[in-house]
**Student:** 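Take a look at the following structure, please.
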Amino acid sequence: MTEGESEAVLAFKPPTLAMLRLWFAPARGWHRPSFIGVEHVDPSRPTLFVGNHTLYAVQDIPHIQYELKRVHGIFPRTLSDRIHFLVPAWRDLLTAFGCVEGTRENCRALMRAGQHLMVFPGGQREVFKHKNEAYRLVWKERIGFVQLAAAAGYPIVPFASLGADESLHIAVDGPDIMSSPIGKLLQATGIADKYLRGGEALPPLVRGLGLTWIPEPVRFFVSFGPPISTSAYRRRAKDVAAMHELRAKVASSIEAQLEFLQRMRRSMSGEDANARRVRTSDWDKLVVGLETQAERAKRRVTSRTKAIKNRV
């Protein structure tokens with residue numbers, strides 16, 4: 001990254017709360033987002049927010065940005081897949097909302113500047129979901145986000161988003177397209193491998209209300225889990241096993257939160273007649289469980305580190 005590029009990344013000024021309220025009011029009225037666990041966010045400490053990517057990823061992120069700005073006055077910079085920045089108009093829109101290409105150089109520059117960051121490790125593959133992949137984490141073997149957080153000593157706040165994967169319905173997904181005559185042509189001409197990552201970069205064909213692309217007015221729920229400290233991993237950022245352990249903690253928190261939000265939604269809607277009413281105390285128990293899990297993992301890492309030092 002050149003000095004000029006670094007300055008451009010750091011020069012971003014987030015929209016005001018008034019502007020965000022104006023821009024997002026229709027969407028907020030449509031999806032009525034509800035938030036839980038926002039108190040776990042410490043605005044005074046630069047943080048890496050890590051969450052599940054929902055279908056097409058454009059519905060819930062504005063609500064999350066607005067809520068963090070409204071409650072804590074922060075506006076995390078979103079690390080986005082480089083392919084977004086190949087489309088001129090779309091690239092300009094993302095840049096206006098603080099998105100940057102998710103390179104290690106950009107991430108390090110923002111961390112050195114002490115900015116809050118937001119990342120979705122599933123990237124484009126998780127955005128362009130296949131059928132029956134609602135709320136699944138598709139992270140492959142990616143550990144770059146935890147390596148960068150650990151090296152910089154950034155705490156990680158896992159968050160979960162529920163609702164967006166159900167406001168649109170996948171009619172035809174990437175595998176459907178790739179197995180069709182069109183897909184075979186894309187493969188034969190080399191276009192699939194050169195431009196579409198073998199078919200992973202093919203957006204699914206979706207529908208919302210009726211046969212339109214208008215999302216159904218499904219209510220959104222977002223939760224923020226307790227922060228996960230990376231201090232025990234700071235000197236082990238190059239240790240692949242340790243990074244997978246840290247990644248597993250983040251993923252487990254997100255999955256537990258998604259399960260909780262689904263249970264809470266069923267309880268609120270009466271969808272499950274036998275569902276026990278979800279209470280605030282249930283969320284508190286989940287948080288305690290996640291914190292305990294994180295503390296146990298931290299002790300395991302510390303114990304292993306001491307054992308290695310003793311052997312040396």
**Student:** Please assess Tyr135 against Glu259 for the test side-chain hydrogen bond (donor to acceptor under 3.5 Å, both in side chains), listing each intermediate value before the final yes or no.
**Tutor:** CA-CA 10 Å; Tyr135 308 119; Glu259 183 179 345; over 6 Å; no
**Student:** Does atom CG of Asp284 have more than 12 heavy-atom neighbours from other groups under 6.0 Å away?
**Tutor:** yes
**Student:** Would you say Leu20 and Glu67 make side-chain contact, with heavy atoms under 4.5 Å?
**Tutor:** no
**Student:** Given the side-chain rings of Phe97 and Trp23, with only the six-membered ring counted for Trp, is the space between their centroids under 6.0 Å?
**Tutor:** yes
**Student:** Any donor and acceptor pair, going by atom type alone, linking the side chain of Thr212 with main-chain N or O of Gly208 inside 3.5 Å?
**Tutor:** no
**Student:** Closest heavy-atom contact between Gly51 and Phe120?
**Tutor:** O-CD2, 3.5 Å
**Student:** Within the 4.5 Å heavy-atom criterion, are Met264 and Leu162 side-chain neighbours or not?
**Tutor:** no
**Student:** Quick check: closest heavy atoms across Val157 and Gly225, and the distance to 0.1 Å?
**Tutor:** CG1-O, 3.6 Å
**Student:** Could you state the interatomic distance from NZ (Lys249) to CG (Leu290), rounded to the nearest 0.5 Å?
**Tutor:** 11.5 Å
**Student:** Grab the two heavy atoms, one from Thr230 and one from Gly153, that are nearest each other, plus how far apart they are.
**Tutor:** OG1-C, 3.5 Å
**Student:** Among Asp176, Asp173, Asp165, which residue meets the salt bridge (Lys or Arg N to Asp or Glu O under 4.0 Å) test with Lys131?
**Tutor:** Asp176
**Student:** Asp81 side chain to His84 main-chain N or O, any donor-acceptor pair under 3.5 Å?
**Tutor:** no
**Student:** Spell out, yes or no, whether Phe49 and Ile254 are grouped together once hydrophobic residues are joined by side-chain heavy atoms under 4.5 Å, including indirect joins.
**Tutor:** no
**Student:** Before giving the answer on side-chain contact (heavy atoms from CB on, under 4.5 Å), spell out for Val250 and Ile228 the whole-Å C-alpha distance, their side-chain angles and the decisive distance to 0.1 Å.
**Tutor:** CA-CA 8 Å; Val250 178; Ile228 296 174; 4.0 Å; yes
**Student:** Would Glu126 and Arg142 count as a salt bridge (Lys or Arg N to Asp or Glu O under 4.0 Å) here? Give the steps.
**Tutor:** CA-CA 13 Å; Glu126 202 169 279; Arg142 292 171 180 156; over 6 Å; no
**Student:** List the steps, then state whether side-chain contact (heavy atoms from CB on, under 4.5 Å) holds for Ile83 with Arg197.
**Tutor:** CA-CA 11 Å; Ile83 201 166; Arg197 297 178 182 173; 4.2 Å; yes
**Student:** With a 3.5 Å distance limit and no angle check, can you tell me whether His31 reaches the backbone of Ala164 through a side-chain donor-acceptor pair?
**Tutor:** no
**Student:** Would you compute the distance between atom SG of Cys107 and atom CD of Glu101 and round it to the nearest 0.5 angstrom?
**Tutor:** 12.5 Å
**Student:** Write down the atom of Tyr56, the atom of Pro204, and the distance for their closest heavy-atom approach.
**Tutor:** OH-O, 2.5 Å
**Student:** Measuring from atom CG of Asp282 to atom CZ of Arg263, what distance do you get when rounded to the nearest 0.5 angstrom?
**Tutor:** 5.0 Å
**Student:** To the nearest 0.5 Å, tell me how far Leu17 CG sits from Leu22 CG.
**Tutor:** 11.0 Å
**Student:** Between the side chains of Thr54 and Gln59, is a donor N or O closer than 3.5 angstrom to an acceptor N or O?
**Tutor:** no
**Student:** Taking the side chain as C-beta and beyond, is there a heavy-atom pair between Thr78 and Leu94 under 4.5 Å?
**Tutor:** no
**Student:** Check whether any side-chain N or O of Gln147 sits under 3.5 Å from a backbone N or O of Ala237 as a donor-acceptor pair, and report yes or no.
**Tutor:** yes
**Student:** Say you draw a straight line from CG of Asp239 to CD of Glu245; how long is it, rounded to the nearest 0.5 Å?
**Tutor:** 9.0 Å
**Student:** Is a donor from one side chain sitting under 3.5 angstrom from an acceptor on the other, for Arg32 and His63?
**Tutor:** no
**Student:** Checking Arg77 side chain against Gly98 main chain: does a donor-acceptor pair fall under 3.5 Å?
**Tutor:** yes
**Student:** For Val100 and Leu79: C-alpha separation, side-chain torsions, deciding distance, then whether side-chain contact (heavy atoms from CB on, under 4.5 Å) applies.
**Tutor:** CA-CA 5 Å; Val100 298; Leu79 302 173; 3.4 Å; yes
**Student:** With the 4.5 Å side-chain cut-off for hydrophobic clustering, are Leu68 and Phe75 part of the same group?
**Tutor:** no
**Student:** Which distance, rounded to the nearest 0.5 Å, do you find between the CG of Asn106 and the CE of Met111?
**Tutor:** 12.0 Å
**Student:** Check Glu166 with Arg265, please: is the shortest side-chain N to carboxylate O separation under 4.0 Å?
**Tutor:** yes
**Student:** Show your reasoning for whether side-chain contact (heavy atoms from CB on, under 4.5 Å) applies to Val146 and Val50.
**Tutor:** CA-CA 10 Å; Val146 288; Val50 180; over 6 Å; no
**Student:** Following the transitive rule for hydrophobic clusters with a side-chain heavy-atom cut-off under 4.5 Å over Ile, Leu, Val, Met, Phe, Trp and Tyr, establish whether Leu168 and Leu205 coincide in one cluster.
**Tutor:** no
**Student:** Give a yes or no on whether Val9 and Met118 share a hydrophobic cluster (residues Ile, Leu, Val, Met, Phe, Trp, Tyr; joining criterion: side-chain heavy atoms under 4.5 Å apart).
**Tutor:** no
**Student:** Using a 3.5 Å distance criterion without hydrogens, assess whether the side chain of Trp283 forms a donor-acceptor pair with backbone atoms of Ser223.
**Tutor:** no
**Student:** Would Asp42 and Arg45 pass as an ion pair if we require N to O under 4.0 Å?
**Tutor:** no
**Student:** Heavy atoms only: give me the nearest Pro43-Ile74 pair and the separation to one decimal.
**Tutor:** CB-CG2, 3.9 Å
**Student:** Within the 4.5 Å heavy-atom criterion, are Ile61 and Ser161 side-chain neighbours or not?
**Tutor:** no
**Student:** Using 30° and 60° as the class boundaries, would you call the ring planes of Phe24 and Tyr66 parallel, tilted or perpendicular?
**Tutor:** perpendicular
**Student:** Taking the side chain as everything from C-beta on, heavy atoms only, tell me whether Val172 gets closer than 4.5 Å to Ile177.
**Tutor:** yes
**Student:** Count the heavy atoms of every other residue, nucleotide or ligand shown that sit under 6.0 Å from CD1 of Ile182, and state whether that count exceeds 12.
**Tutor:** no
**Student:** Relative to each other, are the rings of Phe159 and Phe224 parallel, tilted or perpendicular (30° and 60° limits)?
**Tutor:** tilted
**Student:** Is any side-chain heavy atom of Phe221 less than 4.5 Å from a side-chain heavy atom of Met268?
**Tutor:** yes
**Student:** Do Arg28 and Arg21 touch side chain to side chain, with heavy atoms closer than 4.5 Å?
**Tutor:** no
**Student:** Any link between Leu202 and Ile191 through a network of hydrophobic side chains (Ile, Leu, Val, Met, Phe, Trp, Tyr) touching at under 4.5 Å?
**Tutor:** yes
**Student:** Are any non-hydrogen side-chain atoms of Glu216 and His169 less than 4.5 angstrom apart?
**Tutor:** yes
**Student:** Provide the closest heavy-atom pair for Arg104 versus Gly144 in the form atom of the first, atom of the second, distance.
**Tutor:** NH2-CA, 3.5 Å
